[in-house]
Structure formats: C-alpha cells, structure tokens
Amino acid sequence: MLFSGELVRLRSIIEDDLKYAAGYLNDPEIILLLDDDAPIPTSLEKQKEWFAEYLKEKDISKGLELAIETVKERKYIGSCFAHHMDLKNRHTLVGIFIGDREYLGKGYGTEAMMLLMDYLFDEVNLNKISLDVFSFNERAIRSYEKLGFKVEAIGREAVFRFGGYHDLYAMGILREEYHELRKKF
Amino acid sequence: MLRGKNVRLRVIEKEDIPELIRIRNEEEVLIHLRSNIPQPTSVHAEVLDYEEKSKKKHKDEAEFTIVKLDGTIIGKCGTMHTRWKDSETTVHIYIGGSENRGQGFGTEAMLLLLDFIFEQMNLRRVKLYVFSFNERAIKSYEKAGFKVEGILRQELFRNGKYYDVMQMSILKHEYDVQMKGAFGDAV
C-alpha cells in the first residue's frame, strides 16, 4: 500500500521526531556515511530551524523528505528523501538513513527505500532514480544492488574523508527495471 | 596564464553578455549545453544574473569569456559547484559559430581553464557531464585529458527520447603528466 509496508511506513516529519533526528545525525557512524560535507555537530535548535523551512516547502520537487516509522513500535528510526527532483527529465537523486542502530541490517532501510521508489515511479511518474554512495559504504552498496540499482559511474577520488580521497559511486535504476524486479517481491 | 596560441580567456564584461547570449541561443549550443528545457534565454535575465554575481566581492568560481586573439568573442567557460573540501570542481564550456567549431579552439580553451583550476585554484579533480550524442565534445574533452568514468543512463530527455549522460574527469596528477608530454606547448 502507498507509504506502508510490513516493517515500516513513510510519513511526514513531525516535531517530536526532531530530538531523535538530532541524536542520529550527531552519530559519527551515521553522518560520515550520509553526507559529503564535513560533519558539524547539530542540535535540537538547528533541527527546529530546518523543520520550520521544511513546513514551508509546498513543492515536493524542491525537497521531499519523509520520516521512516516502524509499524510495530511506531518509532521514528530515520528518514528518506528526494532532493532536487528534475521533473522535465523525470529523474531524481534519493537518499536514506537509518539512525537507530537497533534497526540496521534487518531490512527496515530496504523496505523504506522500496516504498519511496514505489511512490516516485508510480505516483510522481519518474523515469529514473539515482543515488550517490561512498565507495567505503559497502553495506549500503550491497543493499542498493539488492534493490536493483546498478553502478553507473565511479567518481575517481571524488570524496575527501578519513584523511584521504575515496571514490564516489553513482548508482541508478530505471522505471522498467524496477517494475521487472517488483514482480519478484 | 590564460593565453594560448589561438584563444585566450578573459574576464566576462557586462558588454559581452548580448554576444554570449546570442551564442548560447544558437540551436547547436542550446541542444548540447544544459539538460533543462532548451528555450532561449533573454539578455535581460542574464544581465540581472550578472549584476547579482558582481555584488559578491570574493568569487569562489572562475568564469571566462573565450576570445580569439583578435578579440572576437567565441564562447564561455568556467567552473561551478566547486567543492573545496573535496578539492573538486565541475566545468562547463560552449563555443558558438559553425566557423569556430572543429578548429581546436574549445580544446585549447579547456586546457587553459584546467591550467587555471589546477595551478591557481588549488583543486585536484575536475569533472564534467556531456550528452552521449555530443560526439565532437567528447572527442575534444578526451584530447584535453578527460577520461569517461561512467555513463548515467537516460538522464536527459531531448528530441523525443531519453539519452545517456557521460561523466568525465581528470585528476591533477594526470594533467601534470600530460603537460610534460605532447601537450606541453599547447598552453
């Protein structure tokens, strides 16, 4: 069902999520895999400031961001997003993080990503979804491959992190590939 | 610096804008340059954009008008989305007028731009995106030392169908090796 799976559902972010989000985004193991910018500690205040902007944005193509909530405990465990949708070329970049380590490696992230892809392909009418992932984030690469993403480009030494330069993988999946794969699930 | 055998790069003057926009609105440029809706831009919009940019005292991007040595404007090139932390930038370039294409002007301008990026801006990686059907540009970038590092499938809708976009890059150490070799006297 739209936005709803067996393990998680995607919903709008609410103010109560922010204190968890601040915690998740201050975890070096999360933020160092998520964002290319040099990590800077965040706070509840900063999250609230971001949230005020989030509430103002009515145009999903300028920044769709959804909370990932567990079905069982109704707990906010992370977010997924599609920033910079390119509606003319029917293409977007997506991203995801599971901030609560309890829920890592158990299929929560994979299902959340599938729900996001269902939405972007079947409701927003996109033709392609891409994502960027650091070469050292092997768990994520494996999980994206399971979801049908293919490595399309390797940005050589494109990311500086942990004192050295690393490759940046650009992965992508086309609508027809996704629908083929979806039949198997 | 910024001067080659046939072309040189110089500051973009406000007076250049009408000519640059005329070039950018040529169909050949419009179709190959950007992935958005390929409609011509007005000089007015570009002048406003130029004035906005001019207000910033410290510019963190490099942009140049490309002129032939006799002063004729033939195009523009520059950096965008420079990521200082990652020591990387993305470049763009366009050359107008059928008489100016296929003469090596674009390749020479790109080499001058690369020299500026590596030697003056202190960056170590330069990337660019080029549409798969723009074979002349791909050849020119390869001549300038760029390598294809991937093919982004179906990211551009143009002339009724989806096309791939090639991602190309060159690293500083590759550029250094190249400049010691056959291209040593090109810049």
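Sequence lines set the chain letters: A, B, ... in the order given, protein chains first and strands last, and positions in each chain run from 1. Computed from a prediction, not measured in an experiment: that's the story for all the values here.
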Taking A:V151, A:L174, A:V159 one by one, which has the highest count of heavy-atom pairs under 4.5 Å against chain B?
-> A:L174
Could you state whether A:M117 and A:L126 fall into the same hydrophobic cluster, counting links through intermediate Ile, Leu, Val, Met, Phe, Trp or Tyr residues with side-chain heavy atoms under 4.5 angstrom apart?
-> yes
Give a yes or no on this: more than 12 heavy atoms of other residues, nucleotides or ligands lie within 6.0 Å of atom CD of B:E27.
-> no
Any side-chain heavy atom of B:D86 within less than 4.5 Å of one from A:R161?
-> no
Can you say whether B:E88 sits under 4.5 Å from chain A via the side chain, the backbone, both, or neither, judging by heavy atoms?
-> side chain
Check: B:F157 main-chain N/O paired with A:N89 side-chain donor or acceptor under 3.5 Å = yes
Give a yes or no on this: more than 12 heavy atoms of other residues, nucleotides or ligands lie within 6.0 Å of atom CD of A:E6.
-> no
With only heavy atoms counted, which part of B:Q154 is less than 4.5 Å from chain A, the side chain, the backbone, both or neither?
-> both
Counting heavy atoms not belonging to B:K14, are there more than 12 under 6.0 Å from its NZ?
-> no
Residue pair B:Q167 / A:A153: nearest heavy atoms and the distance that separates them = OE1-CB, 3.6 Å
For the residue pair A:E152 and B:D164, establish whether any side-chain heavy-atom pair is separated by less than 4.5 Å.
-> no
Should we say atom CD1 of B:I151 is surrounded by more than 12 heavy atoms from elsewhere, each under 6.0 Å from it?
-> no
In terms of hydrophobic clustering (I, L, V, M, F, W, Y; side-chain heavy atoms under 4.5 Å; direct or indirect links), are B:I66 and B:L114 co-clustered?
-> yes
Step through the shown structure and confirm whether more than 12 heavy atoms of other residues, nucleotides or ligands are within 6.0 Å of CD on B:E13.
-> yes
Honestly, the part of A:I129 sitting under 4.5 Å from a heavy atom of chain B is neither
Heavy-atom proximity to chain A below 4.5 Å, by part of B:R125 = side chain
What part of B:K127 gets closer than 4.5 Å to chain A, counting heavy atoms only: side chain, backbone, both or neither?
-> neither
Taking side chain as C-beta onward, heavy atoms only, is B:E155 less than 4.5 Å from A:S130?
-> yes
Smallest separation among heavy atoms of B:S169 and A:R156, with atom names | OG-NH2, 2.9 Å
Under 6.0 Å from the NZ atom of A:K19, do we count more than 12 heavy atoms belonging to anything else shown?
-> yes
Is it the case that more than 12 heavy atoms not belonging to B:I37 sit under 6.0 Å from its CD1 atom?
-> no
Where does A:A170 contact chain B at under 4.5 Å (heavy atoms): side chain, backbone, both or neither?
-> side chain
Non-hydrogen side-chain atoms of A:K128 and B:Y162 separated by less than 4.5 Å | no
Should we say atom CG of A:D37 is surrounded by more than 12 heavy atoms from elsewhere, each under 6.0 Å from it?
-> yes
Exercise: identify the closest heavy-atom pair between A:K88 and B:L156 = NZ-CD1, 4.1 Å
